[in-house]
Each structure stands twice: as C-alpha cells, then as structure tokens.
Protein chains: 2
Amino acid sequence: MEWLNAEEKEAWTGLISLVLLLPGRLEAPLQQDAGLSLFDYLVLSHVSEAPDRRMRMSELAHLANGSLSRLSNVVKRFEQRGWVVRFPDPDDGRYTIASLTDEGFEVVKAAAPTHLRTVRQFVLDPLTATDRQALTRIAAKLKVTIPPA
Amino acid sequence: MEWLNAEEKEAWTGLISLVLLLPGRLEAPLQQDAGLSLFDYLVLSHVSEAPDRRMRMSELAHLANGSLSRLSNVVKRFEQRGWVVRFPDPDDGRYTIASLTDEGFEVVKAAAPTHLRTVRQFVLDPLTATDRQALTRIAAKLKVTIPPA
DNA sequence: TCCAATGACTTCACGCGTGAAGTCAACCTA
DNA sequence: TAGGTTGACTTCACGCGTGAAGTCATTGGA
C-alpha cells in the first residue's frame with residue numbers, strides 16, 4: 001500500500017482488519033451455541049421481527065446484506081430443517097415469501113441472548129457514545145447498495 | 001436486534017453492513033482485472049514490501065489478517081502458479097519463508113494501481129480527514145488478535 | 001391477443017475458508 | 001542424550017458463497 005499518506009494508510013489498515021477479522025469473532029459464539037452463521041442469524045432475526053414473521057425474499061436479502069442467491073441457498077437449508085416455509089406471494093406470484101415456523105422462532109429466540117452479549121462485548125462496549133455516532137456516520141458514507149446477481 | 005437503544009442499533013447496523021458488503025466491493029475489481037481475491041492481494045502486497053521480498057508465513061498471516069491455515073492454502077496456489085517459493089528458514093527450521101518470485105512481483109505491480117483506485121473510490125474519498133481519524137481510532141478499539149487454529 | 005421484456009427467484013459447478021488432525025524442528029529437562 | 005513439549009506450519013473433508021444460466025409470473029407494447 002504505497003501511495004497513501006500515513007493518515008490514509010492507518011484508516012485503511014484499520015478498516016481492513018475490522019472487515020476481515022470481526023465477522024469471525026462475531027460468528028464463533030453463534031456457531032458454537034446454535035450452529036448458525038452470522039448471516040443465518042441475521043436472516044432469521046429479520047424475519048422474526050417482520051409482521052406475521054414473514055417477508056419477501058428480496059426484501060430479506062437486502063436487510064440481511066446478502067445477495068438473493070446467497071439467501072436462496074440459506075433459506076433452502078432452513079426449509080429442510082423446518083425453520084421456514086416458502087410460498088409464492090398471493091398478491092404477485094413473482095415474489096416468494098419466506099415465513100418463519102414456530103420451530104424457527106424458537107431457534108432465534110434461543111440464539112439471541114448469546115449473540116447480543118457478543119455484540120456488546122466486541123462492538124458496543126469498547127466504544128464511547130461519540131465513537132458509536134462516528135461509526136454510524138462513517139458506515140452511512142461508505143454504504144453501498146447490493147449489486148445485481 | 002431488540003434490547004439495543006436507537007443509537008446502539010444504528011451503529012451496529014451500520015457496522016454489519018460495512019463488514020458484510022465492503023469486502024465484495026473491494027474485491028470485485030481485483031477479481032476482474034487480476035483474478036485475485038482481496039486476501040490474495042494483501043498477501044502478495046505484504047511480501048512484496050518486505051526486505052528481499054520474503055517473509056515468514058506466520059508474520060505474513062498476521063499482517064494479512066488471516067489464519068495460518070488460510071495463508072498456507074493461498075500460498076500453495078501461488079507456488080503452483082510460480083508466484084512464490086517456500087523454504088524452511090535457515091535460521092530456524094520451524095519457520096517457513098515465503099519468497100516472491102519476479103513473476104509474482106509483476107502480478108502485484110500490475111494489480112496495485114487498480115486496487116488503489118478502488119480503495120480511494122470506496123473508502124478514502126467518501127470520508128473527511130476527521131472521519132478517517134475516527135475510523136482509525138474505532139478500528140483500534142475493536143481490534144482483535146487472530147485466534148489460534 | 002400475443003410476445004418480448006423485466007425482474008424475482010432457483011440451481012449448479014467451482015473455488016475457497018475452516019478447524020481438526022498430522023508432521024516436523026527446536027527447545028527443555030532430567 | 002533421550003523423551004516430552006511447544007509451536008509453526010500443512011493437509012483434508014466439509015460446508016458455504018459466487019455468478020452464470022435457467023425458470024417462471026407479470027407487464028407493456030404492437
């Protein structure tokens with residue numbers, strides 16, 4: 001990384017470490033306790049908070065920060081485990097609705113406390129309120145929309 | 001994500017998006033132009049900047065923010081393509097040294113300008129100097145060391 | 001009314017990351 | 001100097017993500 005001044009290089013190096021190491025850190029406890037990946041948890045968690053615990057696949061993919069293809073694979077596994085059912089949207093057959101089963105809801109409910117503790121421990125607690133606001137601002141500026149595919 | 005107040009939730013949501021979407025954004029141009037993953041590039045780039053363009057595997061893994069196992073697999077592929085050679089450290093046979101070949105050096109040199117442009121476009125340019133300093137500070141606070149394995 | 005276009009998925013082959021188990025060199029201790 | 005220990009890798013099986021290609025429902029012209 002030549003051609004960056006010291007300040008730029010520090011920011012870049014810090015960001016890269018964050019982006020490469022944090023997911024593993026946040027995922028380990030989930031994987032251990034519930035056999036879920038971080039993305040798995042985000043998906044389940046978002047459906048569980050939706051009205052009637054159901055949501056269109058495309059909206060869910062966007063909320064969970066993943067591609068539709070990735071979500072489709074994940075939801076297929078969930079369906080095989082009985083955590084979710086899929087059916088075409090009655091209002092427009094082009095959409096698919098993913099609906100959380102009671103069993104699926106139990107899975108999120110069981111995983112949530114552990115996950116929340118992890119998030120606090122590794123992300124929220126080490127930061128001051130000022131840091132958290134700066135993080136929000138920075139993330140918004142760097143936010144990118146999901147590509148097609 | 002219940003049980004977080006609004007400020008915490010914003011920070012967490014922003015961070016998660018960053019962490020899940022940025023790698024893909026940064027990697028796409030590298031993959032397109034040079035057939036390299038982001039981690040591939042970091043590895044090559046760090047060896048290329050080391051004295052004599054060689055470095056111990058464990059040090060390289062740490063610099064590139066990856067596990068030794070991951071690095072070992074990557075370097076094996078590099079070796080098959082003739083970009084790197086490996087040999088035991090003459091000073092201490094327990095270490096392995098990875099050494100960049102001329103061909104490997106050409107690969108990094110060719111990929112660097114594109115990558116640098118990507119980093120500026122998606123990370124550095126959207127941020128003010130204040131943002132970048134805040135990012136450095138935040139990343140330092142969230143920094144975690146690589147786990148064993 | 002038909003058919004091309006659009007867009008929401010789904011599938012599959014390929015390549016990569018993970019983590020457990022194995023190998024090996026140097027060190028330590030009796 | 002033998003045997004145990006440590007730590008630096010390496011390997012492999014497994015599961016997951018990617019992106020291209022395919023399917024299908026709906027829409028908007030001609």
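The figures here come from the full heavy-atom set of this structure, side chains too, leaving out hydrogens, waters and symmetry mates. All chains are named by letter (A, B, ...) in the order of the sequence lines, taking the proteins before the strands, and each is independently numbered beginning at 1. None of the values given here were measured: they were computed from a predicted structure.
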Practice task
Spell out, as yes or no, whether a donor-acceptor pair under 3.5 Å connects the side chain of B:Asn73 to the backbone of B:Ser69.
Solution key: yes

Problem - Expected output: side-chain A:Arg54 to main-chain A:Val47 donor-acceptor under 3.5 Å - result: no

Completion exercise
ring-ring contact (aromatic ring centres under 6.0 Å, His included) test vs A:Trp83 passes for just one of A:Phe105, A:Tyr41, A:Phe78, namely A:Phe78

Practice task
Confirm from the modelled atom types if B:Ser69 and D:dT11 form a donor-acceptor pair under 3.5 Å, side chain to base only.
Solution key: yes

Completion exercise
Taken to the nearest whole Å, CZ/A:Arg70 to C1'/D:dA20 is 18 Å

Problem - Quiz item: B:Ser67 side-chain donor-acceptor pair to C:dT18 base, under 3.5 Å - result: no

Problem - DNA chain D contacts among residues 29-36 of chain A, heavy-atom distance under 4.0 Å - result: none

Exercise for the section: Would you confirm whether B:Ser72, through its side chain, and B:Leu68, through its main-chain N or O, come within 3.5 Å as a donor-acceptor pair? Expected result: no

Completion exercise
By nearest-nucleotide position on DNA chain D, the 5'-leaning member of B:Ala28 and A:Asp40 is A:Asp40

Exercise for the section: Whole angstrom is fine here: how far is it from CZ in B:Arg25 over to C1' in D:dG17? Expected result: 16 Å

Completion exercise
Residues of residues 73-83 of chain B with a heavy atom under 4.0 Å from any atom of DNA chain D, listed by number, are B:Asn73, B:Lys76

Handout entry: Check: B:Phe87 main-chain N/O paired with B:Thr96 side-chain donor or acceptor under 3.5 Å
Key = no

Problem - Within-4.5 Å side-chain heavy-atom neighbours: A:Lys141 and B:Thr128 - result: yes

Exercise for the section: Sequence neighbours left out, what pairs pass side chain to side chain donor-acceptor pair (under 3.5 Å) with at least one residue falling in residues 84-95 of chain B? Expected result: B:Arg56-B:Asp89, B:Glu79-B:Arg86, B:Asp92-B:Arg94

Practice task
Calculate the interatomic distance between A:Met57 atom CE and C:dT10 atom C1'; express it in whole Å.
Solution key: 9 Å

Practice task
Please list all pairs passing the salt bridge (charged side-chain N to carboxylate O under 4.0 Å, His left out) test where one or both residues lie in residues 106-116 of chain B, with sequence neighbours left out.
Solution key: B:Glu106-B:Lys109

Problem - Interatomic distance where CG belongs to B:Leu71 and P belongs to D:dC9 [whole Å] - result: 9 Å

Practice task
Indicate yes or no: at least one non-hydrogen side-chain atom of B:His115 is less than 4.5 angstrom from one of B:Leu38.
Solution key: yes

Practice task
Please examine the side chains of B:Leu63 and B:Met55, heavy atoms only from C-beta on, and report whether any two atoms are closer than 4.5 Å.
Solution key: yes

Handout entry: Among B:Thr118, B:Val119, B:Leu124, side chain to side chain contact (heavy atoms under 4.5 Å, CB included) partner for B:Phe122
Key = B:Thr118

Problem - Between C:dG19 (C1') and A:Glu27 (CD): distance, integer Å - result: 13 Å

Fill in the blank from the handout: Residues of residues 85-97 of chain B with a heavy atom under 4.0 Å from any atom of DNA chain D, listed by number, are B:Arg86, B:Arg94, B:Tyr95, B:Thr96

Problem - With sequence neighbours excluded, residues passing salt bridge (charged side-chain N to carboxylate O under 4.0 Å, His left out) with B:Arg120 - result: A:Glu8

Exercise for the section: Figure out the CG/P separation between B:Leu68 and D:dT11, and round it to whole Å. Expected result: 12 Å

Exercise for the section: Starting from P on C:dG17, measure out to CG on A:Leu20 and report it in whole angstrom. Expected result: 11 Å

Practice task
Determine: side-chain N/O of A:Ser72 to OP1/OP2 of C:dT11, distance under 4.0 Å, yes or no.
Solution key: no

Problem - Nearest-Å distance for atom pair CG/P, residues B:Leu60 and D:dA8 - result: 14 Å

